[in-house]
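Comments concern the structure below.
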Amino acid sequence: MADVETDVLIVGSGPAGGAAALLLSTYGVPNMVVTKYGRLSDTPRAHITNQRTMEVLRDAGIEDQVVALATPQHLMGDTTFCSSLAGEELGRLHTWYTHPSRLADHALASPSSICDMPQHLMEPVLASAAIARGTAFRYETEYLSHTQDSSSVRVRVRDRLRGDEYTIRAKYLIGADGGRSKVAEDIGLPMVGQMGVAGSINIVFEADLTQYTAYRPSTLYWVLQTGSDVGGIGMGLVRCVRPWHEWLIVWGYDINGEPPDLTEEYARRIAHHLIGDDTVPVTIKSSSAWTVNHLYAENYQSGRVFCMGDAVHRHPPSNGLGSNTSIQDAYNLAWKLKMVLDGTAGPALLDSYTAERAPIGKQIVDRANRSIGDTTRIFEALGLLSADDPEQLRANMDARKLPTPAAEKQREALREAIEFKNYEFNTHGVELNQRYASSAVIPDGSPVPANPRDDELYHHATTWPGAKLPHAWVGLGRQRLSTLDIGGRGRFTLITGLGGEAWIEAAAGLPVVAVTIGPGADYEDMYGDWARVREMGDSGCVLVRPDNYVCFRSDGLPEEPATVLREALSRVLGIAQ
């Protein structure tokens, strides 16, 4: 007999583990979190929280809590490139969709807004809500090993306070134990890439920098100085944690040399170096060294053991996709575990987790590392790669101010280099155009819809099976809801229109909530937005999974809608006919 039993054991309490626990408890699945640490994250680390993640948190019922604590979008996006905060400004870029045209794209794509929610604030929200809904949480509990058979996973853990070991028996195990995941190592997940590509330092500090930042509000201030292109994430970074008094610096070092001695004096010197004003009082809160990684797993699962988050995709913070992808991993897996555990789905449904999430992990690892290299264009435009002497570097930067053809060309090159960083900071398509291909999606024979704009920069709403359900505002009495609010909540949803009543009848007796949208229907299409994005006739239907992904659609009514719907749902759920 095991000492402790639960349905799902989660190793790790970061964004992936916390989100998995929250969602499982929301769905009524008994679960337990173990972490070898005695507390949640005490440093900001991950922070950008994009629309897709906010949609997940909206479905989980905690969006308002995050919005209350986060830095809002309008204070995030005046991204500045400078020689120091007090020094010369080289240019700015509207980021995180704050440019007027991108702000419109942002508002049209989702009921939720991007925000800046530092990890040390996000983790307590996730954990507290999970515990309130039933998660058992055990700090100072270290995962040691596991064995699995056809019905369970037996996990050996150590209580680091008492010093003893005991066994937890679970039906499934989730490894959300970070970038050096022992769970992923134990199940032998195939990894591609390299750890330790470059060296970086994080310095968290307090300083009142209002005079240098409040007039150009941003989450990120990029600093180009001597040595700022060595290691790190492409250049020096001063990141706002809380406007305008709490900050985090990212500075690089040569990974092939000796790591820096992270004394308080050293950290304060780097902080003043990037601020550019030694008279500003600086209080160092913490400093730590870390490595830039370029590694992803090709498979996320083995038997009854699944991994997510940094355990399977390890990369620098460029693009701000890390914790977002981690939370979305949890959203993909949690409902599948719930339905397999309660007998609604067959175990084959769980095989779709790797098929759907591994390609996303590879994509974000590759592009985060590529973004570091993209920074080189800015250095090249300013002539900062052709000299090592600080005086010569300043002279090269000043050359762009001259009224000469060469200076005009340099100015143009700098504008283009900064504009190119849109591919790092405004990747709406990367965030919202994730398409799934697996046994849990039924193709309708149509090709992937072509995006009329750049597919990485711009979202393209579609009901194509394997795409996220498009957002459209609809009415319920005097209440305005998103189509995403109709779906989610741990259940399948079928959406049809007037003339699609046979679909509603077909859903009777199935684990599906069926609704109509149209005049006098369950929901009103007040603005006509749903009709514009649904890509089907009134009598057609869209079947939406609990994670608000379209898994089946029909443009009209077949001869036997009940048979078609039942067969489609059975295929998605992995139930043999």
Side-chain angles (χ1 to χ4, degrees), residues 2 4-13 15-35 53 55-66 123-138 151-153 155 168-176 301 304-306 308 326-350 352-353 440 484-494 507 509-515 543-549 551 569-570 572-575:
V4 178
E5 295 193 2
T6 188
D7 277 7
V8 181
L9 176 64
I10 303 162
V11 179
S13 58
L22 170 60
L23 291 162
L24 288 169
S25 286
T26 302
Y27 300 154
V29 177
N31 69 92
M32 177 182 294
V33 173
V34 297
T35 172
T53 297
E55 290 172 358
V56 175
L57 303 179
R58 181 187 186 93
D59 186 28
I62 62 168
E63 181 184 30
D64 290 348
Q65 295 179 49
V66 172
E123 286 189 13
V125 171
L126 295 173
S128 296
I131 292 168
R133 299 177 193 184
T135 297
F137 216 94
R138 297 195 174 198
S151 62
S152 67
V153 186
V155 181
I168 302 173
R169 182 177 181 270
K171 295 174 182 175
Y172 294 98
L173 170 65
I174 295 177
Q301 59 196 95
R304 291 178 168 268
V305 183
F306 302 83
M308 61 177 58
S326 300
I327 290 172
Q328 292 160 33
D329 287 344
Y331 196 41
N332 183 281
L333 180 62
W335 72 267
K336 296 174 181 177
L337 286 172
K338 179 254 186 186
M339 290 194 169
V340 171
L341 284 165
D342 69 15
T344 302
L349 173 63
L350 299 175
S352 66
Y353 172 59
L484 298 172
D485 298 326
I486 297 175
R489 286 177 281 177
R491 76 275 198 278
F492 280 80
T493 305
L494 183 140
L510 298 177
V512 175
V513 174
V515 302
L543 182 62
V544 186
R545 306 185 328 186
D547 56 358
N548 269 324
Y549 261 73
C551 60
L569 188 62
S570 295
V572 171
L573 292 174
I575 300 173

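What you see is a predicted model; the values in this text were computed from it and never measured. Quick note: numbers below take in every heavy atom, side chains included, and nothing from hydrogens, waters or symmetry partners. Residue numbers count from 1 along this sequence.
Residues passing the ring pair (Phe, Tyr, Trp, His ring centres under 6.0 Å) test with Phe492, sequence neighbours excluded: Trp335. Listed by chain and number, the residues in a side chain to side chain contact (heavy atoms under 4.5 Å, CB included) with Pro124 are Leu40 (sequence neighbours excluded). Applying the salt bridge (Lys or Arg N to Asp or Glu O under 4.0 Å) test to Arg58 and every residue at least two apart in sequence or in another chain returns Glu63, Asp485. With sequence neighbours excluded, the residues satisfying side chain to side chain contact (heavy atoms under 4.5 Å, CB included) with Val4 are Met32, Arg138, Tyr166, Ile168. By the side chain to side chain donor-acceptor pair (under 3.5 Å) test, Asn332 pairs with Lys336, Glu356, sequence neighbours left out. Residues meeting the side chain to side chain donor-acceptor pair (under 3.5 Å) test with Thr135, sequence neighbours left out: Ser25, Asn31. The side chain to side chain contact (heavy atoms under 4.5 Å, CB included) test applied to Asp7 returns Val29, Pro30, Lys171, Leu341, not counting sequence neighbours. For Arg489, there are no side chain to side chain donor-acceptor pair (under 3.5 Å) partners, not counting sequence neighbours. Every salt bridge (Lys or Arg N to Asp or Glu O under 4.0 Å) that Glu55 has, sequence neighbours left out, goes to Arg52, Lys468. Remark: Ala345 pairs with Met339, Val340, Leu349, Leu573 by the side chain to side chain contact (heavy atoms under 4.5 Å, CB included) rule, at least two apart or across chains. Here Tyr549 pairs with Tyr436 under the ring pair (Phe, Tyr, Trp, His ring centres under 6.0 Å) rule; sequence neighbours left out. Under the side chain to side chain donor-acceptor pair (under 3.5 Å) criterion, Gln65 pairs with no residue at all, not counting sequence neighbours.
In this model, a donor atom of one side chain and an acceptor atom of the other lie less than 3.5 Å apart for Asp59 and Tyr331. For the 3.5 Å distance criterion, the side chains of Glu123 and Ser13 fail to qualify, holding no donor opposite an acceptor.
Residues Ala20 and Ala330 come closest through the heavy atom pair N-CB, 3.6 Å. Of all the heavy atoms in Ala60 and Leu22, the pair that sits closest is CB-CD2, 3.9 Å. Closest heavy-atom contact between Pro15 and Ile327: O-CG1, 3.7 Å. Of all the heavy atoms in Ala334 and Leu23, the pair that sits closest is CB-CB, 3.7 Å. Between Thr493 and Gly487 the shortest heavy-atom distance is OG1-CA, 3.5 Å. Between Arg169 and Ser151, the shortest heavy-atom contact is NH2-OG, 4.0 Å.
The shortest side-chain heavy-atom distance between Phe137 and Val34 does not fall under the 4.5 Å cut-off. Contact annotation: the side chain of Leu126 approaches that of Leu57 to within less than 4.5 Å [non-hydrogen atoms, C-beta and beyond].
Note: Leu569 CG to Leu494 CG = 10.0 Å, rounded to the nearest 0.5 Å. Residue Ile10 holds its CD1 atom at 9.5 Å from CG of Leu173, rounded to the nearest 0.5 Å.
Under a 3.5 Å cut-off, the side chain of Glu5 and the backbone N or O of Ala170 do not form any donor-acceptor pair.
The aromatic rings of Tyr353 and Phe306 stand perpendicular to each other, their planes meeting at an angle above 60°, with 30° marking the opposite boundary.
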task: Give the C-alpha distance, both sets of side-chain angles, the deciding distance and a yes or no for side-chain contact (heavy atoms from CB on, under 4.5 Å) between Tyr27 and Asp342.
output: CA-CA 11 Å; Tyr27 300 154; Asp342 69 15; over 6 Å; no
query: Leu337 and Leu24: side-chain contact (heavy atoms from CB on, under 4.5 Å), yes or no, with the steps?
result: CA-CA 8 Å; Leu337 286 172; Leu24 288 169; 4.3 Å; yes
message: One pair to check against side-chain contact (heavy atoms from CB on, under 4.5 Å): Val33 and Leu9. What are the steps and the verdict?
response: CA-CA 6 Å; Val33 173; Leu9 176 64; over 6 Å; no
